[in-house]
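First up is the structure itself, then whatever we jot down about it.
The structure presented is a predicted model; accordingly, all values stated were derived computationally and were not measured. Letters A, B, ... mirror the listed sequences (proteins, then strands); counts begin at 1.
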Number of protein chains: 2
Amino acid sequence: MEDPGNGGHAALVQLQAYLAQMDHAGETRLPAERELSESLGVSRGDLRKALAVLEKDGRIWRHVGRGTFVGSGPVEETIGISEIAGRTNPADVMRARLIIEPEIAREAALHATLSDIASMRQSLVQTREAVTWRQYENIDNLLHRQIAQASRNNVLLGLFDVLNAVRRTVVWGRLRSEGARPPADHHSFGDHERIVEAIAERDLGGAAAAMRLHLQQVERRLIPVREAAE
Amino acid sequence: MEDPGNGGHAALVQLQAYLAQMDHAGETRLPAERELSESLGVSRGDLRKALAVLEKDGRIWRHVGRGTFVGSGPVEETIGISEIAGRTNPADVMRARLIIEPEIAREAALHATLSDIASMRQSLVQTREAVTWRQYENIDNLLHRQIAQASRNNVLLGLFDVLNAVRRTVVWGRLRSEGARPPADHHSFGDHERIVEAIAERDLGGAAAAMRLHLQQVERRLIPVREAAE
DNA sequence: AATTTAACCAATTCGCATATGATTTCCCTT
DNA sequence: AAGGGAAATCATATGCGAATTGGTTAAATT
């Protein structure tokens, strides 16, 4: 019916024109294939061929149930926590913390407000007052997050949250077995205080170094054996 | 009705017993408050008091519409890209790249395999052969990701992917306006080569420094005005 | 007077209807 | 008989309303 013999080339031309017009209007999603084929006066088969060409060229992006979009596709939302945690191990998580968190601490030393520092110091006190291991862990988590928040950079804070969620996923089931032991060891207290102190004094390198040292201590404690021999 | 005067202590005891039994069974979610209060034979008010105690102690986790869970809460899957991108700006994204990516490059210099380096060098060549800006961007993205992959740490790679997705979300619509201009400038080519070279030579500090320099160049180009005066 | 009970609110999940791109089948034209 | 288009079908994703659930407030009961 539709001027056969052109091999669908007319459809491609019309589609490109439509796309340019739409691109100019700022729209990113184009109508459904059924509507568009009728609107452009071409068969759906030809339209799909033209769409396939544009997709292979990277100009559009299609997905079942969602629609067809211009550009490099709808942002890939599917980098979820479990996706990362599923193909890694505690050692890599610890290594990543050792790489990322000192730099975050350095940035915190540069941008922390007085309110941030006050909150951290309050957490320091609460850390010492914890009577349960779980309580201690919660406050420890909070303190580390407060440091990330003190960077005053929501991207860094978001990355920290992702890293933290991955960590809690990967090592899940390891801490639970230790039960309700109180935190009798005092090594982390000093570490935390040194970090906060360096941030308060705007000592960028000192904050990074203190955080690195602290995480190395934590890493050492994660190694199962040898603790007695030390 | 329920033996008044105990101040809800009986509810706490019963709840702890119930929690222990459930914990042993491996379940993580406990029934709704209305059911549980009837099941345990205590008023909802007393049950909520007991739940509040356990929550403050960190043993359970409650959330409206979801339910009550044992442990440190259901793994927070909802740190999605849009959640981060929604409350930030291009400057913070650039700053985060400037902080994170050099450290990733340093790690890559330490762990990259020969295969990794070969892939990167191939991307270098392809970068120079790109005839479209979109093509160039794609290969540039690929190269940066290859560097993250060369760290041989899936957590770092995942964090890079998140950061990259946030970047593409935040700056979306800015690059599109420049249309189909071919990449006539050559400054990034040298940057990229220096980074890959440093990684190949296992020069940790050099790789980080080269990456930092490269990103600073990119940041400079993102500033809208002043480009002609340079 | 105090606590239980019920009612209501806000946030979340669940199920079903709808929308969409992919695929197959059928039918008409030539 | 063959080719191509139109319709039917499938698999996946979204939207919306009902039901669920923790949090809060008011009424009722003892």
Side-chain angles (χ1 to χ4, degrees), chain A residues 1-12 14-15 18-19 22 27-56 59-71 73-78 80, chain B residues 1-12 14-15 18-19 22 27-71 73-83:
Chain A
M1 184 199 286
E2 305 289 350
D3 196 351
N6 55 18
H9 185 63
L12 181 60
Q14 288 203 50
L15 222 192
Y18 188 95
L19 226 137
M22 200 185 63
E27 278 299 316
T28 64
R29 172 177 179 172
L30 43 82
E33 290 183 356
R34 291 163 179 81
E35 299 177 17
L36 192 55
S37 69
E38 188 174 8
S39 172
L40 295 183
V42 301
S43 75
R44 193 150 97 104
D46 285 353
L47 175 64
R48 283 185 57 76
K49 287 177 188 172
L51 286 171
V53 171
L54 293 182
E55 182 183 25
K56 193 172 62 183
R59 303 207 22 175
I60 64 174
W61 192 272
R62 295 190 281 181
H63 214 313
V64 181
R66 300 182 63 177
T68 304
F69 305 84
V70 303
V75 179
E76 198 169 355
E77 292 268 6
T78 55
Chain B
M1 183 201 287
E2 304 290 348
D3 196 351
N6 53 18
H9 185 63
L12 182 60
Q14 288 203 50
L15 223 192
Y18 188 95
L19 225 137
M22 199 186 62
E27 278 300 315
T28 64
R29 171 177 180 171
L30 45 83
E33 291 183 355
R34 292 163 179 81
E35 300 178 18
L36 191 55
S37 68
E38 188 174 10
S39 172
L40 295 185
V42 301
S43 74
R44 192 151 95 103
D46 284 353
L47 174 62
R48 283 184 57 75
K49 287 177 187 171
L51 286 171
V53 172
L54 293 181
E55 183 184 25
K56 194 173 60 183
D57 203 39
R59 302 205 25 176
I60 64 175
W61 190 273
R62 295 190 282 181
H63 214 312
V64 181
R66 298 184 66 176
T68 303
F69 305 84
V70 304
V75 179
E76 201 166 356
E77 292 265 6
T78 56
I79 311 187
I81 308 302
S82 57
E83 190 144 346

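- Counting atom types as modelled, B/Arg34 pairs a side-chain N or O with a base atom of D/dG23 as donor and acceptor under 3.5 Å.
- For A/Val64, the side-chain atoms get nearest to C/dA22 when compared with the rest of D/dG22, C/dA22, C/dT4.
- Separating the NZ atom of B/Lys49 from the P atom of C/dT5 is a distance of 13 Å, rounded to the nearest angstrom.
- A close approach under 4.0 Å does occur between a side-chain nitrogen or oxygen of A/Arg66 and OP1 or OP2 of D/dT14.
- Taking 4.0 angstrom as the limit, B/Arg62 places a side-chain polar atom (N or O) nearer than this to OP1 or OP2 of D/dG23.
- Separating the CZ atom of B/Phe69 from the C1' atom of D/dG22 is a distance of 11 Å, rounded to the nearest angstrom.
- Remark: B/Glu55 CD is packed, more than 12 non-hydrogen atoms of other residues, nucleotides or ligands lying under 6.0 Å away.
- Distance A/Leu51 CG to C/dT23 C1': 16 Å, rounded to the nearest Å.
- Residues A/Leu15 and A/Ala50 approach most closely at CD1-CB, 3.7 Å, considering heavy atoms.
- Proximity of A/Thr68 to the phosphate of C/dT20: no side-chain N or O atom is located under 4.0 Å from OP1 or OP2.
- Heavy atoms of B/Gly67 sit under 4.0 angstrom from primed sugar atoms or phosphate atoms, though from no base atom.
- For the pair A/Leu36 CG and C/dT20 C1', the interatomic distance rounds to 13 Å; values are reported in whole Å.
- Looking at the side chain of B/Ala32, the nearest of the listed nucleotides C/dG21, D/dT21, D/dG23 is D/dT21.
- Distance, A/Glu33 CD to D/dA7 P: 15 Å, rounded to whole Å.
- Remark: C1' of D/dT24 and CG of B/Leu47 are 16 Å apart, rounded to the nearest angstrom.
- What you find for A/Gln14 and A/Leu40 is that their closest heavy atoms are OE1-O, 3.2 Å.
- Between A/Arg29 and the phosphate of C/dT20, there is a side-chain N or O to OP1/OP2 separation shorter than 4.0 Å.
- In this structure, the side chains of A/Leu54 and A/Val70 stay at 4.5 Å or more apart for every pair of heavy atoms.
- One interatomic measurement links the two molecules: CZ of B/Arg44 to P of D/dT29, which rounds to 19 Å at whole-angstrom precision.
- With hydrogens and angles disregarded, a donor-acceptor distance shorter than 3.5 Å links the side chain of A/Arg29 to the backbone of A/Arg66.
- Separating the CD atom of B/Glu35 from the C1' atom of D/dA19 is a distance of 13 Å, rounded to the nearest angstrom.
- Of the candidate nucleotides C/dT4, D/dG22, C/dG21, C/dT4 has the atom nearest to the side chain of B/Ser43.
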